[in-house]
Amino acid sequence: MKQIKTLLIAAILVLAANQTITAQAKTAHVDVSDIMAKMPAMLDAQKQLEKLSTTYDADYKKMVTEYQAKLAQYEKEAATVTEAVNTDRSKEVQDMQKRIVDFRDNAQKELQQKESDIVKPLMEKVKASIQKVGKAKGFQYVLDGSTLLLADGPNLTVDVKKDLGF
């Protein structure tokens with residue numbers, strides 16, 4: 001019985017010591033979204049994406065305007081042309097609608113892909129910098145500060161920005 005008590009006490013002490021050691025792990029936080037938002041390369045990328053988006057918007061509006069003009073013209077002339085002409089025009093209008101929807105969908109996909117292609121390498125660069133700064137300062141854990149509810153520990157955001165050169 002005495003051995004069981006001794007083993008139980010030893011197990012409790014080992015667990016308590018383990019909890020104390022774990023609690024002393026060095027942690028810091030960093031605001032990745034702030035870094036990404038202020039990163040010069042990201043600002044340039046956003047300008048590129050806005051320019052591309054503006055081009056797509058202009059093309060889309062032009063297609064819609066053309067569609068609306070044809071639709072109005074065909075509606076005016078519907079009573080004065082033959083049924084065969086109206087059928088052909090109806091097919092043409094449907095084809096225009098499909099082209100407009102396809103254009104919009106493809107433009108959205110292309111914008112998303114372009115954004116992903118731009119953001120991914122920048123995010124990898126930020127992560128590498130966070131790891132470098134965190135290790136250099138002796139931290140075992142670095143948490144993204146944009147999702148923390150309490151962040152009393154050291155903030156590495158400024159150090160990471162310096163490491164990235166801005």
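Residue indices begin at 1 and follow the sequence shown.
- Cluster membership for Leu43 and Leu52, using ILVMFWY side-chain heavy atoms within less than 4.5 angstrom, is not shared.
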Check the pair Val119 / Met36 against side chain to side chain contact (heavy atoms under 4.5 Å, CB included), numbers first and verdict last. CA-CA 9 Å; Val119 170; Met36 291 294 290; 4.0 Å; yes
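- Residues Arg89 and Val81 have side chains in contact (heavy-atom distance under 4.5 Å, counting atoms from C-beta outward).
- Judged by distance alone, with hydrogens and angles left aside, the side-chain atoms of His29 form a donor-acceptor pair with the main-chain N or O of Pro154 at under 3.5 Å.
- With salt bridges taken as basic N to acidic carboxylate O contacts below 4.0 Å, none links Asp95 and Arg99.
- Within the 4.5 Å cutoff, side-chain heavy atoms of Ile130 are placed close to those of Val32.
- In plain terms, the two heavy atoms of Ile118 and Ala45 that are nearest each other are CG2-CB, 2.9 Å.
- Between Leu156 and Phe139 the shortest side-chain heavy-atom distance falls below 4.5 Å.
- Between the side chains of Asp88 and Ser90, no donor-acceptor pair of N or O atoms lies under 3.5 Å.
- Distance CD/Gln140 to NZ/Lys26: 8.5 Å, rounded to 0.5 Å.
- Within the structure, the side-chain hydrogen bond (donor to acceptor under 3.5 Å, both in side chains) test picks out the following pairs touching residues 44-64 (sequence neighbours left out): Tyr56-Glu110.
- Applying the side-chain hydrogen bond (donor to acceptor under 3.5 Å, both in side chains) definition to pairs two or more places apart or across chains, those involving residues 116-128 are Gln113-Asp117.
- Phe166 is connected to Met123 through a chain of hydrophobic side-chain contacts under 4.5 Å among Ile, Leu, Val, Met, Phe, Trp and Tyr, so both are in one cluster.
- With contacts defined as side-chain heavy-atom distances shorter than 4.5 Å, the pair Asp159/Lys137 qualifies.
- Taking both residues in full, the closest heavy atoms of Lys114 and Leu49 are given as CG-CD2, 3.5 Å, listed atom of the first, atom of the second, then distance.
- Between Met96 and Tyr67, the shortest heavy-atom contact is CE-CA, 3.4 Å.
- Thr157 places a side-chain N or O within 3.5 Å of a backbone atom of Asp31 that can act as its donor or acceptor partner.
- Summarising the geometry of Leu122 relative to Ala41, their closest heavy-atom pair is CD2-CB, 3.6 Å, with the distance given to 0.1 Å.
- Annotation: side chain of Leu164 is in contact with side chain of Val126 (closest heavy-atom distance under 4.5 Å).
- Applying the side-chain contact (heavy atoms from CB on, under 4.5 Å) test to Asp105 and every residue at least two apart in sequence or in another chain returns Val101, Gln108.
- Put simply, the side chain of Phe103 reaches to within 4.5 Å of the side chain of Met63, judged on heavy atoms.
- A donor atom on one side chain and an acceptor atom on the other are found under 3.5 Å apart for Asp163 and Ser129.
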